There are 2 protein chains.
Amino acid sequence: MNKRQVSSEHHHFPWDHPRFRSWIAVARACQLMQQTLTRRLAHLDIKPPHLDILVNLYRFEGISQQELARKLLVGRSNMSMLLPQLEKRELIERRSDARDKRVLRLSLTPTGRTLTEEAMEIQTALIEDSHGGAPIEDCMKIAESMERMIAILLKEDRELS
Amino acid sequence: MNKRQVSSEHHHFPWDHPRFRSWIAVARACQLMQQTLTRRLAHLDIKPPHLDILVNLYRFEGISQQELARKLLVGRSNMSMLLPQLEKRELIERRSDARDKRVLRLSLTPTGRTLTEEAMEIQTALIEDSHGGAPIEDCMKIAESMERMIAILLKEDRELS
DNA sequence: ACCATAATGTTCAATCATGAACATAATTGT
DNA sequence: ACAATTATGTTCATGATTGAACATTATGGT
């Protein structure tokens, strides 16, 4: 059915659109995934936002707070609130850059690295579990679709700044 | 040992797993979608959580707060916080059920209905935009995958209650 | 009928995320 | 060189979400 026809008809509801239904499913799956991950991480005393940070520090040693915030699609102020907590727990370190005195370079402590590895195991296991043995090719196609969407949405983002 | 070392059979880092990368993409897409939707709804003075509520009231007239919370995968207390706001703005009504004096039956006011229709247009348009003309069949496959995941995760949910 | 249990909704304190306003440091244009 | 602009990080007030404790009402077992 044609998009234009659909949107000009009288008796159609958003939830009758395949794209709409599909997107609702994606959103609900994300929500559930977050909640389940929160439960499974509870015994490590970290939450999904912390894990996101730790994984990125694991991957990109020496990243700045700004870069980190951009990768995570959150505000800088969010990092300013969360990172000192992780620093107090001695999971991460913040050292100021000699060249640019504005930036703080982030890295994991040995303790933080160990914790991150444990947490990543949990996350990976959850992702495997929740996929229930679905074929890898499906995953790849989903990833493609999502990355296209991300590109489109980021473009809109940048256009209004 | 080289961090970047990856065998074709065994993935050493989470981000080398197709499922992991795919899931990260899904999560980021959701995040961006929420942020964009928040911006596009701003002039109506509602946010995505409010829209979720309104759409469900549009669809399921007379639903209770408990049922609504279950559909939205949020806590009952969340509804107790948000619904009075919408009621004060005269977008919804809450009438107590005669048969069961515990439950409050929810419905949209005419104003609320109109606002909901406007907001749903915006949401539908955003979903269409962000998909960038991807084929409907891809959407359907994604929906299937997500619904399978939702089923699996809900099962785990119920098992520990 | 009666007591125990479950279901529904509210309140409250705690936590998370955000944007605006701010301070400091770097960069650019002239 | 210097003023204007941009970039980085912090602080603060605000709003969203949660879970626990609570009050009220239904339901079930005896």
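In this text, all values refer to a predicted model and were calculated from it rather than measured experimentally. Order of the sequence lines fixes the chain letters, A, B, ..., with proteins taken first and strands second; residue numbering starts at 1 for each chain.
Counting distance only, with no hydrogens placed and no angle test, the side-chain atoms of Ser80(A) and the base atoms of dG9(D) include no donor-acceptor pair under 3.5 Å.
For Pro49(A), counting side-chain heavy atoms from C-beta on, the closest listed nucleotide (dC16(C), dA16(D), dG19(C)) is dC16(C). Comparing dA26(D), dT18(D), dC16(C) by their nearest atom to the side chain of His50(A) picks out dC16(C).
Per the geometry, CG belonging to Asp157(A) stands 10 Å off P belonging to dG19(C), to the nearest Å. Rounded to whole Å, atom P of dT24(C) lies 19 Å from atom CD of Gln66(A). In this structure, Leu82(B) atom CG and dG9(C) atom P are separated by 14 Å, rounded to whole Å. Across the protein-nucleic acid pair, Arg94(A) atom CZ and dG9(D) atom P stand 9 Å apart, rounded to whole Å. Between Glu67(A) atom CD and dT8(D) atom P the separation is 8 Å, expressed in whole Å. For the pair Asn78(B) CG and dA14(C) C1', the interatomic distance rounds to 15 Å; values are reported in whole Å. For the pair Leu73(B) CG and dT18(D) P, the interatomic distance rounds to 9 Å; values are reported in whole Å. One atom, CZ of Arg99(B), and another, P of dT8(C), lie 16 Å apart when rounded to the nearest Å.
Arg113(B) forms a cation-pi arrangement with Tyr58(B), by the criterion of a distance under 6.0 Å to the ring centre and an angle within 45° of the ring axis.
Nearest-nucleotide mapping onto DNA chain C: of Lys47(A) and Gly75(A), the residue sitting toward the 5' end is Lys47(A). If you find the closest nucleotide of DNA chain D to Leu104(A) and to Arg76(B), the one lying nearer the 5' end belongs to Leu104(A). Both Arg102(A) and Gln85(A) sit near DNA chain C, but only Gln85(A) has its closest nucleotide nearer the 5' end.
No more than 12 heavy atoms of other residues, nucleotides or ligands lie within 6.0 Å of CZ in Arg21(A), so this atom counts as exposed by the packing criterion. Heavy-atom contacts from other residues, nucleotides or ligands closer than 6.0 Å to CD of Glu117(B) number more than 12.
At a threshold of 4.0 Å, the pair Arg89(A)-Glu87(A) does not count as salt-bridged, since none of the basic side-chain nitrogens sits closer than that to a carboxylate oxygen. Ion pairing between Arg76(A) and Glu67(A) fails under the 4.0 Å rule for side-chain N and carboxylate O.
Within the nucleic acid shown, Asp100(A) comes within 4.0 Å of sugar-phosphate atoms alone, with no base atom in reach, counting heavy atoms only. Within 4.0 Å (heavy atoms only), Arg105(A) reaches no atom of the nucleic acid at all.
By the rule that hydrophobic residues join a cluster once side-chain heavy atoms approach within less than 4.5 Å of another member, Ile92(B) and Ile63(B) end up as members of one cluster.
Using a 4.0 Å cut-off, some side-chain N or O of Gln65(B) falls inside it from OP1 or OP2 of dT10(C).
For Arg94(A) and Gln65(A), the side-chain atoms include at least one donor-acceptor pair closer than 3.5 Å.
Annotation: the terminal axes of the helix from dA1(C)-dT30(D) to dT30(C)-dA1(D) meet at 30°, where each axis is the rotation carrying the C1' atoms of four end pairs onto the next four (5 pairs per end, rounded to 10°).
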